[in-house]
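Here's the structure we're looking at; comments come further down.
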Number of protein chains: 2
Amino acid sequence: MNSKHVAFDDLDRKIVAALIANARTSFAEIGAAIGLSATAVKRRADRLRENDVITGYTATVRPAALGWSTEAFVEVYCDGAAPPRRLAEVVRNHPEITSAMTVTGGADALLHVRATDVGHFEEVLERIRAEPFIRKTISYMVLSHLLPDSAEAGAREAAPDDAANLH
Amino acid sequence: MNSKHVAFDDLDRKIVAALIANARTSFAEIGAAIGLSATAVKRRADRLRENDVITGYTATVRPAALGWSTEAFVEVYCDGAAPPRRLAEVVRNHPEITSAMTVTGGADALLHVRATDVGHFEEVLERIRAEPFIRKTISYMVLSHLLPDSAEAGAREAAPDDAANLH
DNA sequence: AATGAAAGGCGGTAGGC
DNA sequence: GCCTACCGCCTTTCATT
């Protein structure tokens with residue numbers, strides 16, 4: 001297991017769901033919906049934030065509107081054994097990498113990359129390939145999205161049945 | 001081009017960046033940081049929301065804390081020509097699919113899937129493979145993340161230099 | 001230990017300039 | 001875009017169970 005596990009009831013789950021749906025919903029409104037006072041909702045929300053169940057509040061944007069119109073996944077293959085530690089360092093050098101993970105299969109890592117256009121993406125790719133122990137990369141450009149791409153952050157429901165409070 | 005393009009200046013970009021960093025930051029605080037009154041910040045934020053530059057405000061959660069401890073990417077191969085329209089329908093049938101897109105390369109689509117555990121993931125996979133014209137799938141389980149996985153939603157900076165306001 | 005009620009201060013919101 | 005004013009919300013304190 002990764003982190004701290006804390007008691008977690010149905011009300012907490014509803015609060016999380018409400019804040020995922022709209023992070024600016026007032027505590028009073030959430031309370032009215034679930035039968036709690038605004039005070040109680042705030043205390044629970046603060047506790048959830050404290051326990052890193054909620055990791056933050058963010059505005060979701062349409063990247064294309066900000067000029068990021070190109071998106072791709074990049075498989076990375078390394079020379080020899082690729083220590084995730086070193087890989088993480090490399091990844092942090094390139095702000096265009098929005099997500100990076102180690103995965104099963106042949107590749108040592110899978111990157112999600114955003115760029116302004118294809119030219120920019122090519123430049124990012126060259127930069128990545130110039131890193132010390134990167135042997136090769138395979139890119140998959142994203143053509144179109146099949147989902148509204150709403151809240152990628154969390155799952156589309158706040159909790160899987162009640163797998164979360166069994167600790 | 002995809003959607004409406006609207007005039008967009010440096011102040012807007014700073015407001016977006018502030019709201020990505022923390023969607024609950026007060027307009028007064030943002031205004032103080034960028035030299036604007038709270039009123040002006042609110043009006044700009046409302047306009048950005050109106051134009052779908054900002055698509056919403058959401059709480060980011062640690063999926064594992066909510067019981068979603070398994071994550072994978074799934075390449076989907078279809079029989080014959082795969083109409084994205086039909087693919088989108090299929091994708092919407094499975095709430096565990098948090099993101100789905102068509103991509104370059106051999107696969108017809110790439111899915112991002114979250115499940116509570118490996119057993120659940122297998123069940124999701126069977127459900128997907130039972131869909132009419134899905135021929136085969138290839139899965140890549142996510143092992144570990146190399147970035148804090150902060151704001152996946154937007155790029156890590158709110159704007160690529162000034163590629164965004166050239167319209 | 002958690003909730004609810006009350007009070008003060010701050011922020012969101014609309015109207016006028 | 002700023003200033004003003006009002007209303008509602010956030011936040012703390014305290015009493016209650």
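Values below: every heavy atom of this structure, side chains too, minus hydrogens, waters and symmetry copies.
- Looking only at distances, a side-chain donor or acceptor of B:Ser69 sits under 3.5 Å from a matching main-chain atom of B:Thr116.
- Note on A:Arg47: every side-chain N or O is 4.0 Å or more away from OP1 and OP2 of C:dA2.
- Between the axis at the start and the axis at the end of the helix from C:dA1-D:dT17 to C:dC17-D:dG1 there is an angle of 30°, using five pairs per end and rounding to 10 degrees.
- Out of D:dC3, C:dG4, D:dG1, the shortest distance to the side chain of B:Ala40 is found at D:dG1.
- Comparing D:dG1, C:dG4, C:dA14 by their nearest atom to the side chain of B:Thr39 picks out C:dA14.
- Dashed line: the shortest gap from a side-chain N or O of B:Arg44 to OP1 or OP2 of D:dG1 is under 4.0 Å.
- Not one side-chain nitrogen or oxygen of A:Lys42 sits closer than 4.0 Å to the OP1 or OP2 atom of D:dC10.
- Ion pairing between A:Asp9 and A:Arg44 holds under the 4.0 Å rule for side-chain N and carboxylate O.
- Looking at residues 22-29 of chain A, you'll see A:Ser26, A:Phe27, A:Ala28 sit with a heavy atom under 4.0 Å from some atom of DNA chain D.
- Scanning all heavy atoms of the two residues, the minimum distance from A:Pro84 to B:Leu146 falls at O-CD2, 3.8 Å.
- For the pair A:Thr25 (side chain) and A:Asn22 (backbone), a donor-acceptor distance under 3.5 Å is present.
- Position along DNA chain D of the nearest nucleotide to A:Asp46 versus B:Arg43 favours B:Arg43 as the more 5'-ward residue.
- A side-chain donor from one of B:Thr60 and A:Thr55 sits under 3.5 Å from a side-chain acceptor of the other.
- In terms of position on DNA chain C, the residue among A:Ser37 and B:Ala38 whose nearest nucleotide sits closer to the 5' end is A:Ser37.
- No side-chain donor-acceptor contact under 3.5 Å links B:Thr137 to the backbone of B:Val74.
- Under the 3.5 Å distance criterion, the side-chain polar atoms of A:Asp108 are left unmatched by any main-chain donor or acceptor of A:Tyr77.
- The backbone N or O of B:Met141 sits less than 3.5 Å from a side-chain atom of A:Thr104, completing a donor-acceptor pair.
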